[in-house]
Asker: 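Please find one structure pasted underneath; my questions will follow.
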Amino acid sequence: ERSRYCLRWPGCYYRPHLISSRSDFYGPFHVPFGASRHEKVRFLVPSAPLFERVPGTLNTMKVLVLGPGGREHAIIRALLRDPEVTEVHSAPGNAGIAQDVPVHAIDANDPAQATALARELNADLVVIGPEAPLVAGVSDALREAGFDVFGPSAAAAQLEGSKAFAKKVMEEASVPTARAHEARTLPEAEAALDEFGSPYVVKDDGLAAGKGVVVTEDRAVAVEHARACFEAGGSVVIEEYLDGPEVSLFVISDGKNVLPLSPAQDFKRIFDNDEGPNTGGMGAYTPLPWLPEGFVQEVVEKVARPTVARMAERGTPFVGVLFCGLAVTNRGVRVIEFNARFGDPETQAVLARLRTPLGQLLRAAARGEISESTELDWDPRTAVDVVMAAENYPDTPRKGDAISGLDKANALEGVHVIHAGTVVSGEEIHTAGGRVLAVVALGENLGAARDAAYEGVRAISWAGAQYRTDIALKAVENRIHIPAPRD
Ligand code: AMP
Ligand code: GLY
């Protein structure tokens, strides 16, 4: 076993400082405290190989991860734990990613630039993080050039890119979702608002990075959002309001077979108690102790499998993560939305618990080789992450402030910091975006994980930093209730 891993070592890329004294960081590998660097290498042995190897050989892979944010940083950290992953590269990355792997300053949304970089690196697998490159056709260009790609084609990414398209596929596949009307004129929109009643749900039919939705009890606000969407040249989708707690479930799809990850909950609004405007997400935790038994399997059967099957029938197979945004309502589970990628900041929590080697899993998906009987291996602990955002996020976030306390947070037991909007400026790390970073903590239970995450948050500061103080609080206090079933 040991010599096999030594074999890969000469070509192996890793950052010595990543093989730290904190064994939780490396999840499955249990690097003991105080081990020398040479000794630590020996401990890089996976808990269980995910896929069969040809005896006597070792599958190694060089992975290129496209995207700039926290989700990509979390994906990269998980890839670095996979013993078959010998090198990871990032484009364009951020200051935190650059501490872990080489970064390449290209426009990752440009199919030609992404393909040129993958060729230059001779990448074995390209993982596409955000939605923008997917919709821009980056995955199509890479696939055409012969690369294994984790991320759907532009056509399949329409499940996220167009709410109206997603509704159509759900209807064709009999997937439970909110009733909806697509409106192209203001009178149509108003008629739909009145049909469904308050609370009103108005969605811009285009890619809006999760911000083009207004949920309000004020009819005038709903009408105003519809008017703004029409003025911008779009159409809107008006929906029936779904009650009940929300769940994010990521389902890995190879185009045919599906494998669900551990469910998570996100916090979309900027302020405590779900007040203020929608954001990309201000924190997350996983798993969800309040979910009914069999929930994940139900979503696989009623949502993921039929959607993936329908996409294949349409001639646009979905290869990547089908992110099911769900409401657990009094009439059962309903899809709020699909995304065609991992969620941010849920990924930071979900992948912190994943012990199954991620590179092997994503490569199997890219190659159409997912086995539905695969049992994923999860850290039994709970993960919580809290996003720290810049002043004035989500409007026009303030940038360029020096961040302090990162080392202190990272040194806490069970805690690590994932970067999103950061840049290196001289000796310092500065804020460079709306969501700046996420503090992730693993704990024996939800309360412990939550406390550790907030201890990390309190260690970090910059001018104008803001964060929610109630991430995972309702779940800790047992205050999440699924509405009683209704006929
Ligand atoms: P979306 O971009 O579709 O995910 O919507 C953003 C957020 O708006 C969701 O996470 C929900 O919190 C809320 N939302 C969207 N659609 C509905 C709905 N039909 N009923 C209730 N809340 C919704
Ligand atoms: N956290 C929700 C999203 O990634 O859209």
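In listed order, ligands and their atoms are each counted from 1.
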Asker: Tell me which one of Asp274, Val237, Val201 gets a heavy atom nearest to atom 18 (C) of ligand 1.
Answerer: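 Among Asp274, Val237, Val201, the closest heavy atom to atom 18 (C) of ligand 1 belongs to Val201.
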
Asker: Using heavy-atom distances, let me know which of Asp204, Thr177, Val213 sits nearest atom 6 (C) of ligand 1.
Answerer: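 It is Val213 that holds the nearest heavy atom.
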
Asker: Just to check, does Gly343 reach to within less than 4.0 Å of ligand 2 when the distance is taken from its heavy atoms?
Answerer: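 The answer is yes: ligand 2 sits under 4.0 Å from a heavy atom of Gly343.
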
Asker: Hey, is the main chain of Ala390 close enough, under 3.5 Å, to the side chain of Gln466 for a donor-acceptor pair?
Answerer: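 Such a contact is found between Gln466 side chain and Ala390 backbone.
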
Asker: Distance under 4.0 Å to a non-hydrogen atom of Lys163: what atoms of ligand 1 satisfy this?
Answerer: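 Once the distances to Lys163 are compared, the set is 1 (P), 2 (O), 3 (O).
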
Asker: Going by distance only, is there an N or O of Gly281 that falls short of 3.5 Å from an N or O of ligand 2?
Answerer: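 No - when backbone and side-chain N and O of Gly281 are compared with those of ligand 2, no distance drops under 3.5 Å.
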
Asker: Taking side chain as C-beta onward, heavy atoms only, is Leu326 less than 4.5 Å from Phe295?
Answerer: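 Yes - at least one pair of side-chain heavy atoms lies under 4.5 Å apart.
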
Asker: What I want to know is whether Glu240 and ligand 1 share at least one N or O pair that is separated by under 3.5 angstrom.
Answerer: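 Yes, at least one N or O pair falls under 3.5 Å.
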
Asker: Looking at Arg363 and Asp148, would you say the former's side chain and the latter's main chain have a donor-acceptor pair under 3.5 Å?
Answerer: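 Flag not set: sc Arg363 to bb Asp148 has no pair under 3.5 Å.
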
Asker: Using a strict cut-off of 4.0 Å, indicate which atoms of ligand 2 neighbour a heavy atom of Pro345.
Answerer: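 Listed by number with element, the hits are 1 (N).
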
Asker: I need the contact type for Glu346 against ligand 2. Using non-hydrogen atoms and a strict under-4.0 Å cut-off, is it side chain, backbone, both or neither?
Answerer: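 For Glu346, the contact with ligand 2 is made by the side chain alone.
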
Asker: Please test Asp254 against Asn257 for side chain to side chain donor-acceptor pair (under 3.5 Å), starting from the C-alpha separation and ending with a verdict.
Answerer: CA-CA 6 Å; Asp254 69 358; Asn257 305 298; 3.1 Å; yes

Asker: Can a non-hydrogen atom of Ala284 be found less than 4.0 Å from any atom of ligand 2?
Answerer: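 Not so, Ala284 does not reach ligand 2.
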
Asker: Applying a 4.0 Å heavy-atom criterion (strictly less than), which segment of Leu242 is in contact with ligand 1: side chain, backbone, both, or neither?
Answerer: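 The part of Leu242 near ligand 1 is both the backbone and the side chain.
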
Asker: Does any N or O atom in Asp266 lie less than 3.5 angstrom from one in ligand 2, N or O only?
Answerer: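 Yes; at least one N/O pair falls below 3.5 Å.
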
Asker: Between the candidates Met282, Glu131, Arg341, Glu337, which shows the shortest non-hydrogen contact distance to atom 5 (O) of ligand 2?
Answerer: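 The nearest heavy atom belongs to Arg341.
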
Asker: Is any N or O atom of Ile336, backbone or side chain, closer than 3.5 Å to an N or O atom of ligand 1?
Answerer: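 Between Ile336 and ligand 1, no N or O pair is found under 3.5 Å apart.
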
Asker: For ligand 1, which atoms, with element, lie under 4.0 Å from some heavy atom of Tyr241?
Answerer: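 Per the distance check, 20 (N), 21 (C).
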
Asker: Using a 4.0 Å cutoff against the non-hydrogen atoms of Asn339, which atoms of ligand 2 qualify?
Answerer: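 Once the distances to Asn339 are compared, the set is 5 (O).
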
Asker: Give a yes or no on whether the backbone of Tyr200 and the side-chain of Thr216 come within a donor-acceptor separation of less than 3.5 Å.
Answerer: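 Side chain of Thr216 to backbone of Tyr200: no pair is present.
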
Asker: As a check for students: among Asp344, Thr347, Val387, identify the option with a heavy atom nearest to atom 4 (O) of ligand 2.
Answerer: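 Answer by nearest heavy atom: Asp344.
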
Asker: In the structure I gave you, are the side-chain heavy atoms of Asp470 and Phe271 within less than 4.5 Å of one another anywhere?
Answerer: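 Sidechains of Phe271 and Asp470: no contact.
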
Asker: With the threshold set at 4.0 Å, does a side-chain nitrogen-carboxylate oxygen contact exist between Arg305 and Glu372?
Answerer: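 The answer is yes: the pair qualifies as a salt bridge.
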
Asker: Of all heavy-atom pairs between Glu188 and Glu182, which one has the smallest distance, and what is that distance?
Answerer: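 Of all heavy-atom pairs spanning Glu188 and Glu182, the closest is OE1-O, 3.5 Å.
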
Asker: Could you tell me which atoms of ligand 2, counted from 1 in the order shown, lie closer than 4.0 angstrom to a heavy atom of Gly280?
Answerer: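 Here the atoms of ligand 2 in question are 1 (N), 2 (C), 3 (C).
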
